Amino acid sequence: MTGRKPADEAPIPNRIAELRQKAGMSRVELAERVGVNPQTIGYLERGEYNPSLALAFRLADLFGLPVEGIFDRTGSGEGETR
Amino acid sequence: MYVVSYEYNSPQGWAVQESGMIEQGLPFAVVAGIVLASFVLNVAFGMRVSDAFNAGAIEINTPWRRPRLLAGRPLVALWFAAALAFLATLPGVVGIDAAAAAVASGPAIGAIALMTVAAVTYKRSLAQQPTDALDEREREVRDSLYLISYRIVASVLVGVGIAGYAAIAIANERIDWDAIAADALIGGAVLAATFIWVLPSLVHAWHDRRPDEVNDETREAWRAARRELRRALRSGSERRRGDGSSMADSAGPGSTMRA
């Protein structure tokens, strides 16, 4: 039960954990800044939940990057954090 | 199945009937009260109650750890075990002595009440939370819990209906409702209502891949603290050993001479 994740939907690798640690933020701080639950940040970082477009943009605005700078749809390794 | 009969023609008979009713009716009144209170709190005045209780943000990084038995699939198994125990103590269900059933009904009601509270409060009662208290992921989780629950309830109802109809058609018998103790019917109905109420939380517990309430950050903090403690203990013991050997070195010849 992780929310938006149909069986045929592959997880989208992202750099949220890396960017958060670079920014010196805890999950709780990041969650407060983007208006979600801290547990949801954990799900995002582990790639167990693909966010809505609105949340993706909020994260992008916060880190000062374009959305594709955080999420790597191709899974080429650019966005791999694990 | 058995039918309890009382003598109504004498004042003593009424007394027997009244005490019997209180004895057997109390457990159901307690469970019915819990269900009614939950209905009032969650459905009738749900938004007001949730506004009052959930005024603050939901605390996620709870420092306490829920026992593993009361999380995930073990919780679901325990809830059903408690429900079966409750059913077994209903009058006439398994044919045990009425007095023994009455004695056993107390613990059985306590067990089902405890398991129901444990299930409903699972992961901060996510299944019972209003939309405003949840973020986008949690809303989707909660909505999917209800969807799955509706499917389960619908399947059970259809299954029971078909099985009952088939049994009646094949055996050509009618259900003798009079032969079933009223308390058993009420108890079964109360349990069914409780089941429907708690089902989304049970579905959540069953499907939850991370039933452990302690999140990664907390776990990492504990690991770091343990590493730090171990390092401190090691350096302390090394220092003591060093002090001991240096004392022995410094005191060695002298002590020998003194000896």
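Predicted, not measured: the structure shown is a model, and the values here were computed from it. Throughout, a chain's letter reflects where its sequence line sits, starting with A, and its residues are numbered from 1.
- The distance from atom CZ of R139(B) to atom OG of S52(A), rounded to the nearest 0.5 Å, is 9.5 Å.
- More than 12 heavy atoms of other residues, nucleotides or ligands lie within 6.0 Å of OH in Y146(B), so this atom counts as buried by the packing criterion.
- Here the OG1 atom belonging to T40(A) is positioned 7.5 Å from the CD atom belonging to E136(B), to the nearest 0.5 angstrom.
- Across every non-hydrogen atom of D135(B) and N37(A), the tightest pair is OD2-N, 2.8 Å.
- Within 6.0 Å of the CZ atom in R58(A), the count of heavy atoms belonging to other residues, nucleotides or ligands exceeds 12.
- Between the side chains of Y43(A) and E138(B), no donor N or O sits under 3.5 Å from an acceptor N or O.
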